2 protein chains.
Amino acid sequence: MTTTPPRAAPGRPRDQQVDRRVADAAVEVFGEHGWTGFTIDAVARRAGVGKASVYLRWSSKEDLLTEALTLRLCPVRDVDTGTVRGDLVQLVEQMVGLYSGEHGSAALRLGLEARFIPQLTARYEEMTSAQIRTARDMVRRGIHRGELPETISVTFLLEALCGGAMNRALTARASGRTSRPRTDADFAKRFVDFVLTPVLVDPRAD
Amino acid sequence: MTTTPPRAAPGRPRDQQVDRRVADAAVEVFGEHGWTGFTIDAVARRAGVGKASVYLRWSSKEDLLTEALTLRLCPVRDVDTGTVRGDLVQLVEQMVGLYSGEHGSAALRLGLEARFIPQLTARYEEMTSAQIRTARDMVRRGIHRGELPETISVTFLLEALCGGAMNRALTARASGRTSRPRTDADFAKRFVDFVLTPVLVDPRAD
């Protein structure tokens, strides 16, 4: 999550509470209706503020959505637990939480719609590149420590893990379930074991 | 793909070519704008026909979208190649083709939006249940033939394979690539080998 405060309109102090309500409303409207249904009017109504208050703070709906998503969607954090299994469990748990949590619908829509919203395309690419870098670093540390064979396909390993996390979240959403931290953590542990255990280097071998 | 012809309005012969154009336009509009942007007006304009022609044939936009998606989205077919590897390669190849192909955007949106469109919810559940049944049958045949251990988690294996296929298609779409049969087939073979090889029962063992 970025901690950069929203850009203030020149000469006008920001009302933090209004900013927060508008950011929440923006993420909700985008999550439910996508870019086609994303209007300043819909966001202002959802936030219970006047359209003028929104326009005073954001010059366009692209600006508003980009800032709201940057504030509300936590990118995946690198967690160095000391083992590749521990790191990848953290990765999968964060991803299931992101996609099946409160803002999951917005996060999933981004994957489909970001490339049609010019200002968001670049921001989305930054977010996903950072995510891929974090995940690749976890696997590389595992190879470096001798836990994984050097010949392993990092791309395929992450495709299976991250795809599985997304698939799981989509299934949960389709049946109306929301993210539950304990269930997500339990899934992450068991799923990572399923994918990882058969490819781990056996320390007794050689 | 279903081959049931569209329901004819009483007493009026159907113009097959108009039906086809409207179905294509409906899938395109839904793929680009989702349910929020799905209007009879937008579909008629895209198809180059009058709104009246659409209303003559379909009584509601729910009807139109449900029928168009049923006609245009091919559900995953069961292919019995004789080996679990062969079957799952077919499964992954079909899924990558579905999600990164011409109607892929509509197929991916369905996963997010079907539950907000009452008439589509049931149809979507039928489609996904059939897909899950097909995939589970492939894995069960593999267990029955002794290619996979009986203790394998069918759910996790499919979560990894189907999630990986979806992830791959989303990455391709985000960078503007469309489905290319040879590339999809090559990915399917290599990805299935990655996930499956370590868990296959070794016939030389015991």
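Every heavy atom of this structure was used, including side-chain atoms; hydrogens, water molecules and symmetry mates were not. In this text the structure is predicted, and so the values were computed from the model without any measurement.
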Peer 1: Under 4.5 Å, counting heavy-atom pairs only, tell me which of B:T128, B:L112, B:I152 racks up the most with chain A.
Peer 2: B:L112
Peer 1: Could you tell me whether A:R145 atom CZ has more than 12 heavy atoms of other residues or ligands within 6.0 Å of it?
Peer 2: yes
Peer 1: Starting at CZ of A:F191, measure out to CD of B:E159 and round the result to the nearest 0.5 Å.
Peer 2: 6.0 Å
Peer 1: Sort out for me which of B:A165, B:A160, B:S153 touches chain A most, counting heavy-atom pairs under 4.5 Å.
Peer 2: B:A160
Peer 1: Does anything in residues 113-121 of chain A reach chain B? List residues with heavy atoms under 4.5 Å apart, or say none.
Peer 2: A:E113, A:R115
Peer 1: Within this structure, what is the CG-CG distance for the pair B:L108 and A:L108, rounded to the nearest 0.5 Å?
Peer 2: 10.0 Å
Peer 1: Between A:G111, A:G104, A:G164, who has the most heavy-atom pairs with chain B when the cutoff is under 4.5 Å?
Peer 2: A:G164
Peer 1: Give, for atom CZ of B:R190 and atom OG1 of A:T155, the distance between the pair rounded to the nearest 0.5 Å.
Peer 2: 9.0 Å
Peer 1: Which residues from residues 26-37 of chain B are near chain A, with near meaning under 4.5 Å between non-hydrogen atoms?
Peer 2: B:E32, B:H33, B:T36, B:G37
Peer 1: Go through it in stages, so that I can follow the logic: the residues are A:V195 and B:F156, the test is side-chain contact (heavy atoms from CB on, under 4.5 Å), and I'd like the CA-CA distance, side-chain angles, deciding distance and then a yes or no.
Peer 2: CA-CA 8 Å; A:V195 175; B:F156 283 171; over 6 Å; no
Peer 1: Non-hydrogen atoms of chain B under 4.5 Å away: do they reach the side chain of A:L157, the backbone, both or neither?
Peer 2: both
Peer 1: Once rounded to the nearest 0.5 Å, what's the spacing between atom CG of B:N167 and atom CG of A:L158?
Peer 2: 9.0 Å
